[in-house]
There are 8 protein chains.
Amino acid sequence: MKSSEVNFDYERSARTGLDEVVFAAGKSVDQIAYIVEAAVARQVRLLITRLAPAQFEALPEAHRARLDYCAVSSTARLGATAPLTRAPRIALLAAGTSDIPVAREAERTLRYYGEAIELFADIGVAGLWRLTERIDAIRLYPVLIVVAGMDAALPTVVAGLTHSALIAVPTSVGYGVAAGGHTALNAILASCSPGIATVNIDNGFGAACAALRIVHMMDRAVAQVAIASGEASPLSEES
Amino acid sequence: MKSSEVNFDYERSARTGLDEVVFAAGKSVDQIAYIVEAAVARQVRLLITRLAPAQFEALPEAHRARLDYCAVSSTARLGATAPLTRAPRIALLAAGTSDIPVAREAERTLRYYGEAIELFADIGVAGLWRLTERIDAIRLYPVLIVVAGMDAALPTVVAGLTHSALIAVPTSVGYGVAAGGHTALNAILASCSPGIATVNIDNGFGAACAALRIVHMMDRAVAQVAIASGEASPLSEES
Amino acid sequence: MKSSEVNFDYERSARTGLDEVVFAAGKSVDQIAYIVEAAVARQVRLLITRLAPAQFEALPEAHRARLDYCAVSSTARLGATAPLTRAPRIALLAAGTSDIPVAREAERTLRYYGEAIELFADIGVAGLWRLTERIDAIRLYPVLIVVAGMDAALPTVVAGLTHSALIAVPTSVGYGVAAGGHTALNAILASCSPGIATVNIDNGFGAACAALRIVHMMDRAVAQVAIASGEASPLSEES
Amino acid sequence: MKSSEVNFDYERSARTGLDEVVFAAGKSVDQIAYIVEAAVARQVRLLITRLAPAQFEALPEAHRARLDYCAVSSTARLGATAPLTRAPRIALLAAGTSDIPVAREAERTLRYYGEAIELFADIGVAGLWRLTERIDAIRLYPVLIVVAGMDAALPTVVAGLTHSALIAVPTSVGYGVAAGGHTALNAILASCSPGIATVNIDNGFGAACAALRIVHMMDRAVAQVAIASGEASPLSEES
Amino acid sequence: MKSSEVNFDYERSARTGLDEVVFAAGKSVDQIAYIVEAAVARQVRLLITRLAPAQFEALPEAHRARLDYCAVSSTARLGATAPLTRAPRIALLAAGTSDIPVAREAERTLRYYGEAIELFADIGVAGLWRLTERIDAIRLYPVLIVVAGMDAALPTVVAGLTHSALIAVPTSVGYGVAAGGHTALNAILASCSPGIATVNIDNGFGAACAALRIVHMMDRAVAQVAIASGEASPLSEES
Amino acid sequence: MKSSEVNFDYERSARTGLDEVVFAAGKSVDQIAYIVEAAVARQVRLLITRLAPAQFEALPEAHRARLDYCAVSSTARLGATAPLTRAPRIALLAAGTSDIPVAREAERTLRYYGEAIELFADIGVAGLWRLTERIDAIRLYPVLIVVAGMDAALPTVVAGLTHSALIAVPTSVGYGVAAGGHTALNAILASCSPGIATVNIDNGFGAACAALRIVHMMDRAVAQVAIASGEASPLSEES
Amino acid sequence: MKSSEVNFDYERSARTGLDEVVFAAGKSVDQIAYIVEAAVARQVRLLITRLAPAQFEALPEAHRARLDYCAVSSTARLGATAPLTRAPRIALLAAGTSDIPVAREAERTLRYYGEAIELFADIGVAGLWRLTERIDAIRLYPVLIVVAGMDAALPTVVAGLTHSALIAVPTSVGYGVAAGGHTALNAILASCSPGIATVNIDNGFGAACAALRIVHMMDRAVAQVAIASGEASPLSEES
Amino acid sequence: MKSSEVNFDYERSARTGLDEVVFAAGKSVDQIAYIVEAAVARQVRLLITRLAPAQFEALPEAHRARLDYCAVSSTARLGATAPLTRAPRIALLAAGTSDIPVAREAERTLRYYGEAIELFADIGVAGLWRLTERIDAIRLYPVLIVVAGMDAALPTVVAGLTHSALIAVPTSVGYGVAAGGHTALNAILASCSPGIATVNIDNGFGAACAALRIVHMMDRAVAQVAIASGEASPLSEES
């Protein structure tokens, strides 16, 4: 491992509101350890995704002790998590129990950025009542992340029942023609319900980031109103 | 066109309960005309599918006059249609208005064999009320043919709400990742609702045949009970 | 594992005649154990599919003791199996010996619901006599499940020789262009024999459910005739 | 054309903030004409997408006169367009001149709902200065729709430079491995910049709807703040 | 059209027993006309495949007069055809009437090289008797070319019933998952009957060439025996 | 393992000249052991393909001792191999050293049926001299099996230089776009050299069977000449 | 057409040595006309690719008169072509006559930039002598562009016989598995000959640009040597 | 392992400037050991690629001691490496840290042939400043190898900013739609920046060879100028 192989984008948060995050799949243990050390040395916090249990176990004990690791979602966090200071604005819907790891990746990412979520799990439309009995609660959230595999019919039905911004996450749950999540992805993209946006298969992290961009813009809109009405001091564009 | 190129399977009905049907796509006008003439000469009736308007128009006037042609479904029927002697047992559900040509192919095929249908059209789950307000009526039919394109979420939701035998037909409605109907097909195959069976993309004819096999077996079951209880005379296996 | 991740659809049977079944692939051992415990607590029976031997072995001993596990088909059943009270109505055809695990998944699912089957194994059409010498016995069954991999020519030939309702199950047996079962699936969907319906690759469970929907409708038809002729008391729609 | 084939979802707007929109591709002229007549009779406005010039020309003159048709984007609008009462909040970025038809579909959809846009066209990253010289202006918009074909590198670079919510639209511009837009779609989904959400290939309409969901939620957030601070009267959840 | 664009391989027959043949698809009329002129000037005969009727019609009248053109198979022959001096050794089996154009391409290619064929048409296995009643006749031919589209089950069944060398030709007959012939091709490649060799989709010409290579080797084997037993004069390797 | 799961086609050799062969991939050790026992009991010989070393090792010692196993080609033979009574008629060409396992599967299959081969290995066209220096020797064989992976250019060049019947076998050697052998397969099918026939990826067994069908027909042709000239006694069609 | 839709990258040549070139496929006639007018007004020259004859014919007469149009390659040039001042350094190899349009696109692009080429056409490896008799001449060119469709075996053989830089261009010539050129592309990428680089299917333009980058670097190397040895005045980095 | 299975192309360097290199994936340890022994015996050096650590470890100790093995890039070198006698002419750009193994394969291949490189790592365009701050240094290299996975936007941006010859290497970094590197490959092929050439996924070796062909031609150009100006003695074509 040579230091010239890593060139971390520490300024990304200032440019985009989102940190550079370490995608561990395919990285060597040496490379991951180097990145963790650099973050510790620089005193910045860090989010690591796709860190398989075997990779985590291979890290030096000192690193492992510092990391808040979650094996279900294969994520690790270094450093303090932002405190939760408001009610959740993002609802996380999961069609089936097998979709939980992807949902947890989204949840852990949002929590890293200080956003709480409300989970609505196992509400796939094969048992429609599971969704309809909860739809009024779901409608209250301005941003919905809908995680579904197999035929991914859930986002279509939800989008037909709500006003909220909706990010769908296809998952690789299933086998045969479903395997890999391409059918879920394509079904979401081809949905007859308008206004669904999507991300890569199993990309709970990416959905969380898309949701963060939306809530950040909601915050900016509110802040700009507040400024206009003299209630608050001006915020910069990056706020 | 040489007669040696055609070798019609006139006995198929005796073996399977279903006639050999002419698939016109890719056949020359000469070949189709020859087959129609042979059927007329033999005094058998005939169903032709995928007969494009241009093919139909290119047939000799005498042939066209004999055929009951439907441009929406690209089907033609030669000879008398069986009279309808009972209430419909098959419900035909179409998710959107664009799915009608495929649904009509199924309807015309069933009618050729003496089966009436009830049509429930434009009930896609993006507007869920359209389905739920009709679901009690749908449940009364023992066999459902569900025609849907794009993400084909309708069969999943219907299967979760009914006991009936359910044949789904994916359609090629849509564009981008949906085009060609492969996403609809795969979504149906990967459905989280159990017990959905499917046929090829846009294959309204095949779905009708699968439905016919089922109602034929329902009839046989009833007949066997009747025989057992002494109400009717025995039926052969082919009945 | 949090209880909020599971939301079991215990009412599915009332709505569809089929229980919610646990699809174990991709679920953690914790999740499966939780579901088993909940079923035991609620005193309901359970069918689990795609439960790999490694997953089964990782369950607590108390759970393992309660489950009727079959490693060939990767299925487990919890609770009493319905008694068999009639002769089999469903024939299970398997093209080759390698297709047996998928056939056993179908068989075990049907047995869970009280349906016996007759197995016709290793009758692929490369040795045509194996099929033709048994075809008269096969024709007696109103519902056929035909399991085949590689080029899946068996369903086409069987459909051309029988009146029965026919559910084909493509399998992932084979390699090269066959691997994954997509060729078997596509060959079935493109079959020149009319009236074949199909399910996902290796989906013996789904084929069993489609067959159950058909025999349930046969039963309903018979019951309705009986009611009409005064032999039996009325049955509700859900019977 | 039978009226039973159409079952318009007039209440969709109340449920989702977005009308049911007519997808004309694959519909017959008869079906489209029927839908237009029904909307006129009911005195509702209508948006039609994918209405090819040949379809438009085949409509009765009376219908054509009522429709505001745009051949570039293949869209038609019936009835009054909402007045523009505020500065644009959505920026529309198009990588190349060939992406304009898709961008115009998005623009016309947004305009139908009363949203103005600012267009930044022909800013593909092969000539990076075209983007960097405009990036400060782009950053001011809370929602970005980024339309790009071929390798679709533009959304990745834009997402790395902005805080805004970002909806990418892959287009079918290109040939060989690009044709159909699948490469653009996959490149967007696999982007190394976090927080990009996407829609189907060439789906300018869908991107506009996703953007509308976001600005509606921004409006709701602002309204809720206003309510809390006593500046405005309460708004219902649908506002 | 510049003469430098064409570099005809006149010696191919000496090297391989097969002439260079002109593949007209994608060639301009100028290029085809140039090649025909060159063959006339050089006094060699010529076979042209994939010569669409529109291309043929666009050729100069003088060229058209010289060519023996067949619109069904899109082939043209220039110069004398070899006389038929023996009984056919190659049987041509076509599963359906729609497969005839591909079968005719094979037949015309074989005839160009002096080989007659026997045609067995419309013997697809959906009506199994059509094959079994002719199988004894088919078995007499040492080389079988089996043309089939859709699910292409015919080659599998034929291979299980015969000793002969068997070349299968998948065709593009069908729609949905069959379209393009990929399913037929893959089903043939994945066949459970051993010893089937195949060629590209719709490649009747290629199958004919593969069959020619086999009969040429049969002839060489006979000739070598004859030489060994003193009945004939030695033949060179190229005979 | 139940005996009803296996239904061996012992008569296949009489029908086709080729035995039923056991394809071990996907079969359980129980199933394989049962088949071996049945063959021993019946005193027939047996060829097993795709028998992975782990499967072989898991067989009972008594079985292993009876089998002639080759780990390179994953094949096993039970019973006596036919003696070699003539010079090889089949040349086996392998493009690279990595293609050897597939070539050995073909060789072992041919040997099982009494045919010797000559191997020409590592003659890929990236080093063209390796082929051209051996081409005169290759031309002497009436049947060529050409095994090649990656871009599979070897069969094209060989076919352009020889009269022989040519069976190509694509292999899964390579990575990236080559992986799985689909590129090799497609390149062979799309070859610009006429008369190449092919089999499934890595299917050395199938290529051997196709070659056997050809040499059997050569033998039959020679036998028929001998009969006609009174040199030999008549042979049945099956000889 | 609005001027805001076009944002031409006039400085690209200074940055990369290559002009921005107009890709006409998918552009409207209005857009193309606008771009031509802008180039005339600005007095810059222009290269247009993928300009179909129908698009060219639809342009105003004044535009057509200014353009040097080639229907074979679908390219148009505006303004003076650079004079040829040296012997060709780039050889253009085309496997078949059908590959000529793609080769001509490369040739016309190179000529636009002042580079002559030598054409070696119809030298596909099915007739190997056509290549080997010319290989010594080919070896003299430092850069080779090799255009080939179907199985694209030519680049592999050429790369094994030469030292030159080699850019391969797969073409869409062929049908069945070849259609679209994906097999040619994949075969080139999987080639067993090292050092072949490739471009998109049918992308003669892109291959020409890749070749230009190479010869520009050869020129820079020579110029730097000349500077070092005092023979020439210094050249800027962009020379 | 038989010696007849290997037929090393020792003369390839004379023909092409590049040695035959051993591709170890799919080769048995026996085969690799045989090749190493042969090279030692013949006293030639050797480069081995795709030699997995498990394969390396399984080689005899004597072999391992002779090989210069690198586990990151899975390459081994036998024999002396050419001394570096000049400044690097090839820049190696890697978009992310996960792309390093592929970049190292290229670097080790170039070093084997005596070429040094300069590495620019972790400069993906999601953080554009990482590229722009180094672009002036990058421009000085006449040949660029750009390694990128996921959406592979880096080559497009680099090509728009430089004159250099540019070889892109797509990598298999990513998951979901990215997995396998096909999206990266297709994005590169469909790039809107002209003049990018590419190689197979993860093919660092192939990119190095393509770069070597270019620098060899630069050397030949310089040598020819030198000869012309009388400064140096003539070099043969192979130099």
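Order of the sequence lines fixes the chain letters, A, B, ..., with proteins taken first and strands second; residue numbering starts at 1 for each chain. Not measured: the values here are computed from a predicted model.
Interface residues of residues 190-206 of chain D toward chain B, defined by a heavy-atom distance below 4.5 Å and sorted by number: D:Asn200, D:Ile201, D:Asp202, D:Asn203.
Under the 4.5 Å side-chain criterion, counting only non-hydrogen atoms from C-beta, D:Asp9 is in contact with B:Trp129. The closest side-chain heavy-atom distance from D:Arg15 to B:Leu128 is not below 4.5 Å.
Remark: side-chain polar atoms of D:Gln31 are paired, donor with acceptor, to backbone N or O of B:Thr97 under 3.5 angstrom. In this structure, B:Asp122 contributes its side chain and D:Asn7 its backbone to a donor-acceptor pair below 3.5 Å.
When the shell of 6.0 Å around CZ of B:Arg50 is examined, it contains more than 12 heavy atoms from other residues, nucleotides or ligands. Summarising the local packing, CZ of B:Arg134 is surrounded by more than 12 heavy atoms from other residues, nucleotides or ligands at distances under 6.0 Å. Residue D:Gln43 qualifies as open at atom CD: its count of foreign heavy atoms under 6.0 Å is 12 or below.
Minimum interatomic distance between D:Ala25 and B:Ser98 (heavy atoms only, all atoms of both residues): O-OG, 3.8 Å.
For a residue to count as touching a neighbouring chain, one of its non-hydrogen atoms must lie under 4.5 Å from one of that chain's; by this rule D:Ile35 does not touch chain B. Both the backbone and the side chain of B:Ala126 have a heavy atom closer than 4.5 Å to some heavy atom of chain D. Using a 4.5 Å cut-off between heavy atoms, B:Val173 touches chain D through its side chain atoms alone.
The salt bridge (charged side-chain N to carboxylate O under 4.0 Å, His left out) check on B:Glu133 picks up nothing, with sequence neighbours excluded. Partners of D:Phe23 by ring-ring contact (aromatic ring centres under 6.0 Å, His included), not counting sequence neighbours, listed by chain and number: B:Tyr175. Partners of D:Asp19 by salt bridge (charged side-chain N to carboxylate O under 4.0 Å, His left out), not counting sequence neighbours, listed by chain and number: D:Arg45.
Salt bridge B:Arg130/D:Glu11: absent, no basic N to carboxylate O contact under 4.0 Å.
Rounded to the nearest 0.5 angstrom, B:Ile100 CD1 and D:Lys27 NZ are separated by 10.0 Å.
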